[in-house]
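Within every chain, numbering begins at 1; the chains are lettered A, B, ... in the order of the sequence lines, protein sequences first and strands thereafter.
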Protein chains: 2
Amino acid sequence: MNPIRLALVGLGKIARDQHLPAIAATEGIDLVAVASRNARLDGVAHFATLADLLASGEAIDAVALCTPPQGRHDLAAQALMAGKHVLLEKPPGATVSELGPLVAAAQASGRTLFATWHSRFAPAVEPARAFLAEVAPRGVRVTWKEDVRVWHPGQRWIWEPGGLGVFDPAINALSILTAILPRPVFVTGAELSFPSNCAAPIAATVAFADADGLKVQADLDFLQTGPQSWDIEVDTDRGTLLLAKGGAELSLDGQVLSAQPEAEYRNIYRRFVELVQTGGSDVDLAPLQLVADAFLLGRRLDVAPFHD
Amino acid sequence: MNPIRLALVGLGKIARDQHLPAIAATEGIDLVAVASRNARLDGVAHFATLADLLASGEAIDAVALCTPPQGRHDLAAQALMAGKHVLLEKPPGATVSELGPLVAAAQASGRTLFATWHSRFAPAVEPARAFLAEVAPRGVRVTWKEDVRVWHPGQRWIWEPGGLGVFDPAINALSILTAILPRPVFVTGAELSFPSNCAAPIAATVAFADADGLKVQADLDFLQTGPQSWDIEVDTDRGTLLLAKGGAELSLDGQVLSAQPEAEYRNIYRRFVELVQTGGSDVDLAPLQLVADAFLLGRRLDVAPFHD
């Protein structure tokens, strides 16, 4: 089978930090074009927009959308209509319902639509899932606290409607949570702190439950200086399971169970190649649904304005 | 087949105005019990709570939940676990994701779960759907403006998290919209006006689109005095279709196409009896999903406090 000829749409921080090296390291897929208004890549065909790229006749099979979530739906719809496979960065869109027509379009055209959740490919996520399939969770605490100025410098879109604010990183936690727990969870309460000059929350607490009464408490902050926290702690009859460092490390009562090197995006592209080759799609909206439900049910608090 | 022995949970305005007369007028279902902290009904067994009712051994087959949406999930879960069929007033819950486990529980126990949307049973909705299946819509305007002080006097829950504010009536419009349009719509933008003392919006504008580029604009207001508006206008090649009075009347360029007497709740109970008899469920979350997405994507505006 010929390698998949891929175009990257959007060449910002996540594309350069993660997508480019992962594509280069993955068999069966080659980067052949970039669509970006402001950035170029030496030796790769360049277009200002996806529309220009599609109109050019440049031979591509697939696109990876690395632009902000607010415009993702329209780009994905264009690409699918042009018969291309589509890989979506997380979150897969600005709303849950906009994904329905994309799933239908991919199905109708036999193309792959892959809504990626990179944290699900963190090395200790599968060991955590396997552990919790055997040992029932009794309670869960999610602590996701990072410094937005370090990780998202100058990314104004994150504060615009659809940018999710602190849920942009926290949706990674929810993508792990929904992968490792034995039953689906739903939101039972939330408090969302909106800076007075932002359309998205800068901090939040969210409570979840499952059908068996399991309680999950999430504490989310985008202004954490000093040590950063991307932890999920699970109380079990065998001790406290800690999935730390965004899914990289698993320990039980302090004893390390799993600590493998990180390879999230290489695993994403390996999976994408496999989906394209087998004609499949993979679109799980549960993490975005939980965020939408937190916005729906959340009590809003006004907090100080945020300046980058 | 013996009549379904039904318990009403919650005996507020909607239960008295709509459910009681509809149940009395429907063959195959009898009201045998009421669970309500504050209200009683002559000649019908009374319990303070659903838990008391279920523990009493009172013989019932089904419950209709007419309490505010915030507690609906837990009541439905209790009832399904006790082997009862469940009818949910609209909205079916306080979040979208809480419905998943209820659907699974109903399926596992072979019981009926019916998430009702009373406006879908308005007499001109089906004629509107049939018209728009033949004549493509070119643009849609939803105008849903009512006086909360008239229609929801003293109902503080509507302003609490999960109460939906102006979307409590407007979700009726969305339940119609999602029934009459030829393709699913999704939210593309929203502005939500939150009174400074409320956790739910008092007014909103919401823009929607479908996969073919159809635009829908909704203008929602909960402070409308004078004439009240519950209208959906659709531009078509054959003229402007107006579905007015909450789905009761259909006209084309002012010429009446359909104006039948209203029988929304009688149709709901007829459908519930049919679902129970055939072992089916009916849970369409599209209207609530659109509201969740409007909250997720909506820009928030602060407006004057609301006092009843």
Per-residue contact mode, [X] against chain A (heavy atom under 4.5 angstrom):
X: F194(B); value: side chain
X: V185(B); value: backbone
X: E160(B); value: side chain
X: L164(B); value: side chain
X: A94(B); value: both

Might you point out which heavy atoms bring [X] and [Y] nearest each other, and give the distance in Å?
X: F295(B); Y: R300(A); value: CD2-NH2, 3.5 Å
X: L297(B); Y: T95(A); value: CD2-CG2, 3.8 Å
X: E98(A); Y: V187(B); value: OE1-O, 4.5 Å
X: D293(A); Y: V96(B); value: OD1-N, 3.0 Å

Output the option from Q70(A), R183(A), H73(A) having the highest count of non-hydrogen pairs under 4.5 Å with chain B.
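Maximum pair count with chain B is reached by H73(A).
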Picking from A104(B), A190(B), A292(B), G189(B), which has the most non-hydrogen pairs under 4.5 angstrom with chain A?
A292(B)
Residue P161(A) versus chain B: region with a heavy atom under 4.5 Å:
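Contact with chain B is through both the backbone and side chain of P161(A).
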